[in-house]
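Let me begin by presenting the structure, written as structure tokens, before commenting on it.
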2 protein chains.
Amino acid sequence: MAQSDTVDRILDAAEELFAERGFSETSLRMITSKASVNLAAVNYHFGSKNALIHSVFARFLTPFSDTLEQAFDELEQNCAGEPPTLDQTLRALTESAVRMPQRNERGISIFMRLLGLAYTQSQGHLRKFLEQQYSQPFGRFMRLLKEATPQLSAVDRYWRIQFMLGATAFTMSSSDALRDILQNKLGVETSVQDIVARLVPFLAAGMQASDPMQAPVGKPSVA
Amino acid sequence: MAQSDTVDRILDAAEELFAERGFSETSLRMITSKASVNLAAVNYHFGSKNALIHSVFARFLTPFSDTLEQAFDELEQNCAGEPPTLDQTLRALTESAVRMPQRNERGISIFMRLLGLAYTQSQGHLRKFLEQQYSQPFGRFMRLLKEATPQLSAVDRYWRIQFMLGATAFTMSSSDALRDILQNKLGVETSVQDIVARLVPFLAAGMQASDPMQAPVGKPSVA
DNA sequence: CGCCCGGTCAAACGTATGTTTCAAACAGAT
DNA sequence: ATCTGTTTGAAACATACGTTTGACCGGGCG
């Protein structure tokens, strides 16, 4: 049957172009010409450009979501009763991302970059789509974070989670470029796993910093 | 003689629209109609849309750059000889941003959002413009960071700086949305100053986390 | 006054976008 | 071989964009 692979070709091309140029900066014509398919194929198979964007996200977010739920299951099972630590929770997340079945070696990088874009570019439809589609694993992650940092106020925790998201999405989204720079400047090779290994302690330390609102600063602050 | 204020009206409108919608998502027609000026005025006064973007950045980045240099001067002067601490350096940066003379109360928010967008949206011309225009204060900030974290290897420092940049740029670029969410969920009002006040300790703690490559992984006490 | 010139304006330019159309090609079942 | 529903193809659609044009206005200066 060889039922046409047009759909996948479009998704592959769209994914890559979106990741490196953003959504509004990527036209359907770029996508279809990169995918070597007819322009009309996008609207035929997906309905609209926005729907294509949703499909691109769904293709990697759904498996990731499943992997993540599974990792969280194991985590909670292993430390039965006690809530998992912050470090364990973060590791469950990052390892789910890294271990996820990739279509190619740049997969994880593209994946991260798209997540960053989704958050950054103010595409109302995308945010709505993601919220009503993947609220469950996201909510679960949030709950785990909450249990792992009982010392934080809700507001502090909220902001620090945003800081973590930012550091992660940003770093991963430009990880290719950053790795090249490092390679040129210091002659050091780096893998995505290396980056993650450095990122997690950074995040955990930031997350557990002493309360900014009551802790005095190291040096007596100039009132 | 009431020399036309068209230029400023355009800059004001552009600044606001860019901040809330991004660059490619904001058309000249939106800008000119918000500013109540003729469409052709943009190309007449600025030459092109890209040049307008540059002008928007220059208008707040140049004073900020000056303020920052001054803050760094004072900083280095005060702790004569000794290099400023990480916390001091970060505070010099953020306080320069916050204290900068604002055109209106949303100024700092817009300013941050635009900086985040500049880093996030892959506008080649913008990055080039910023690099060749404001490389000096940026380089100086990097040098101060280096002196404030002598315990870090070059590679560790490199990655952690990226993490900091990411957390900052990302948070600031979506700060309005994040503040709204917080307002709806917990009924808490937040100012940019609040966010910054929470961000700095997070960054400082992450920056000074124990070396990820030699520290044991489990959950040891903080050595 | 006449002249000029910085600034404004409505209108048009050419190009690129997302989407639609409709005929042709194709597959599989009858 | 013929029919049927699905998928491709080239072309056109309407709209929006950034930019350019040329007419027009209103003071300052000779």
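Reckoned from all heavy atoms, side chains included, excluding hydrogens, waters and symmetry mates. On a predicted model such as this, the values are computed, not experimentally measured, just so you know. Lettering follows sequence order; numbering is per chain, from 1.
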Could you give the [atom1]-to-[atom2] distance, from [X] to [N], as a whole number of Å?
X	N	atom1	atom2	answer
A:R21	C:dA16	CZ	P	13 Å
A:Y44	C:dC22	OH	C1'	14 Å
B:H125	D:dG18	NE2	C1'	13 Å
B:F46	D:dT19	CZ	C1'	16 Å
B:N43	C:dC13	CG	C1'	13 Å
B:I10	C:dT8	CD1	C1'	11 Å

Ignoring backbone atoms, establish whether A:H45 has a side-chain N or O less than 4.0 Å from OP1 or OP2 of D:dT6.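 For A:H45, the contact criterion (side-chain N or O under 4.0 Å from OP1 or OP2 of D:dT6) is not met.
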Is the phosphate of C:dT8 approached by B:T6 (side-chain N or O, under 4.0 Å from OP1 or OP2)?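 Yes, B:T6 has a side-chain N/O under 4.0 Å of OP1/OP2 on C:dT8.
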Check side chain to side chain contact (heavy atoms under 4.5 Å, CB included) between [X] and all other residues, then give those that pass, not counting sequence neighbours.
X	result
B:E69	B:Q136, B:P137, B:R140
A:E95	A:R91, A:R99
B:A35	B:R9, B:A13, B:V37

Any residue meeting salt bridge (Lys or Arg N to Asp or Glu O under 4.0 Å) with [X], in chain and number order, not counting sequence neighbours:
X	value
B:R179	B:D176
A:D66	none
B:R29	none

is_close_aromatic(B:F57, B:F129), centroid dist under 6.0 Å: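 Distance test on ring centres: not under 6.0 Å, no.
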Just jot down the ring pair (Phe, Tyr, Trp, His ring centres under 6.0 Å) partners of B:F72, sequence neighbours excluded, or say none.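 None.
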For the pair B:E131 and B:R127, find out whether any cationic side-chain nitrogen is under 4.0 Å from an anionic carboxylate oxygen.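 The answer is no: the pair does not qualify as a salt bridge.
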Protein and nucleotides 15-17 of chain D: nitrogen or oxygen contacts under 3.5 angstrom:
| from | atom 1 | to | atom 2 | distance (Å) |
| --- | --- | --- | --- | --- |
| D:dC17 | OP1 | B:S27 | OG | 3.2 |

Got a list of protein N/O to nucleotides 9-11 of chain D N/O distances below 3.5 Å?
| from | atom 1 | to | atom 2 | distance (Å) |
| --- | --- | --- | --- | --- |
| D:dA10 | N7 | A:N38 | ND2 | 3.3 |

